[in-house]
Amino acid sequence: MNNPRQFAEAVGNTPLIRLRLASELTGCEIYGKAEFMNPGGSVKDRAAKYLIQDALERRLIEPGGTVVEGTAGNTGIGLTLVGNSQGLKTIIVMPETQSEEKQSALRGMGADLRTVPAVPYKNPDNYVHQARRLAESLDNPHGVYYANQWDNTANRDGHYQSTAPEIWAQLDGKLDGFICAVGTGGTLAGVSAWLKEQDRPVVTAAADPDGAGIYHWIKHGEIKSSGSSITEGIGQNRVTGNLEGAPIDEAFNIPDTELLPVLWDLIGKEGLYLGASSGINVAGAIRLARQLGPGHTIVTILCDSASRYEKKLFNPSFLTEKGLPLPPWL
Ligand SMILES: Cc1ncc(COP(=O)(O)O)c(C=O)c1O
């Protein structure tokens with residue numbers, strides 16, 4: 001769409017950027033889909049757009065209605081902006097450990113933000129359960145919509161319909177591998193499903209941080225995790241509705257000590273000011289490239305901007321305390 005008339009039409013059609021250092025290092029062509037250039041600043045604008053579009057089409061909600069979601073922040077930002085453009089109110093439940101920058105952005109755009117203590121999913125007070133219960137308790141004649149990005153497959157359908165065909169068209173179908181991290185799994189599942197329907201074999205893979213169970217699930221069939229990560233928005237420990245049945249071939253576990261040097265190079269040498277989940281994605285693309293060998297073309301996702309995490313990512317005492325490498329310029 002060349003001349004978008006409303007917010008949702010400006011989501012997607014992001015550039016594909018060649019990642020010079022990762023490509024030179026591996027002898028492959030490695031590209032990043034610049035999802036940080038979406039109007040709400042992240043890949044989660046796509047999920048937000050399709051979740052709300054689906055709810056409006058199914059008449060679960062109409063202007064004046066309320067959208068409720070549990071989110072690490074980026075989906076909340078997307079939902080609030082799409083919601084604002086459609087006359088919907090948004091209530092966001094978010095763990096208080098998530099970055100201050102995402103919290104202040106949500107308040108600035110008018111979301112009703114409720115921060116809650118960060119507890120595991122199996123605890124009934126986990127933010128996802130709190131969001132669902134809150135939605136169930138509300139009354140609004142125009143509808144209350146619990147978006148449920150985790151299990152609502154309108155999320156992965158959005159990536160199936162938009163992200164994957166965009167990548168394919170941008171490379172004229174010359175693609176050998178796709179890799180990204182998993183939060184809800186919507187991006188990886190939706191893109192993988194579409195790519196597997198094309199007439200060229202494409203290897204699809206997950207890049208999983210420490211503390212997440214998806215690596216072990218893909219390799220050995222059960223969720224198992226250890227350690228922790230400073231990444232936000234990714235790191236899943238259950239098979240979400242969006243991940244169920246997803247055709248994923250391979251997985252790599254990427255610790256923070258591996259992703260941060262890749263991220264510092266992306267920022268300092270390629271001018272790509274990205275958040276840590278993009279670092280894990282590019283580190284994962286390098287691992288996949290080494291596995292496939294030189295001459296292959298691999299795509300990953302550049303999810304959001306470092307500006308969402310400046311108080312953590314560029315905080316020497318925060319990084320040093322965790323034994324993590326600092327950006328060379330700090
Ligand atoms: C920064 C960031 N990267 C990656 C993801 C993961 O995307 P998905 O939920 O499609 O798995 C998220 C999800 O919230 C995110 O916020």
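When a ligand or atom number is given, it counts from 1 through the structure's own listing order. Throughout, residue positions are numbered sequentially from 1 according to the sequence presented.
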Worksheet item: Could you state the interatomic distance from CZ (Arg287) to CG (Leu292), rounded to the nearest 0.5 Å?
Response: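 If we round to the nearest 0.5 Å, Arg287:CZ and Leu292:CG are 13.5 Å apart.
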
Discussion item. So, 4.0 Å and heavy atoms of Gly185: is ligand 1 close enough to count as a contact?
Written reply: yes

Worksheet item: Non-hydrogen atoms of Trp150 versus ligand 1: any pair closer than 4.0 Å?
Response: no

Can you report which non-hydrogen protein atom sits closest to [atom], along with the distance?
atom: atom 11 (O) of ligand 1; answer: Gly183 N, 2.7 Å
atom: atom 10 (O) of ligand 1; answer: Thr187 OG1, 2.6 Å
atom: atom 4 (C) of ligand 1; answer: Ile234 CG2, 3.4 Å
atom: atom 16 (O) of ligand 1; answer: Asn74 ND2, 3.0 Å

Any atoms of ligand 1 less than 4.0 Å from a non-hydrogen atom of [X]? List them with their elements.
X: Gly186; answer: 10 (O), 11 (O)
X: Tyr309; answer: 1 (C)
X: Asp304; answer: 1 (C)
X: Val182; answer: 11 (O)

Worksheet item: For atom 5 (C) of ligand 1, which candidate among Ser277, Gly275, Gly233 provides the closest heavy atom?
Response: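 Closest candidate by heavy-atom distance is Gly233.
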
Fill in: Thr184 N/O to ligand 1 N/O under 3.5 Å
yes

Worksheet item: N/O of Lys44 under 3.5 Å from N/O of ligand 1, yes or no?
Response: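 Between Lys44 and ligand 1 (N or O atoms, distance only) the closest approach is under 3.5 Å.
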
Fill in: hydrophobic_cluster_shared for Leu266 and Ile301, side chain cutoff 4.5 Å
no

Worksheet item: Can the ring centres of His159 and Tyr50 be said to be less than 6.0 Å apart?
Response: no

Fill in: Centroid-centroid distance, Phe314 to Tyr273, less than 6.0 Å
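So the answer is yes for these two rings.
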
Taking the basic N atoms (NZ, or NE/NH1/NH2) and the acidic carboxylate oxygens, is any pair closer than 4.0 Å for [X] and [Y]?
X: Glu101; Y: Arg308; result: no
X: Glu96; Y: Arg114; result: no
X: Lys44; Y: Glu35; result: no
X: Asp54; Y: Arg58; result: yes

Fill in: Donor-acceptor under 3.5 Å (Asn155 side chain, Gln149 main chain)
yes

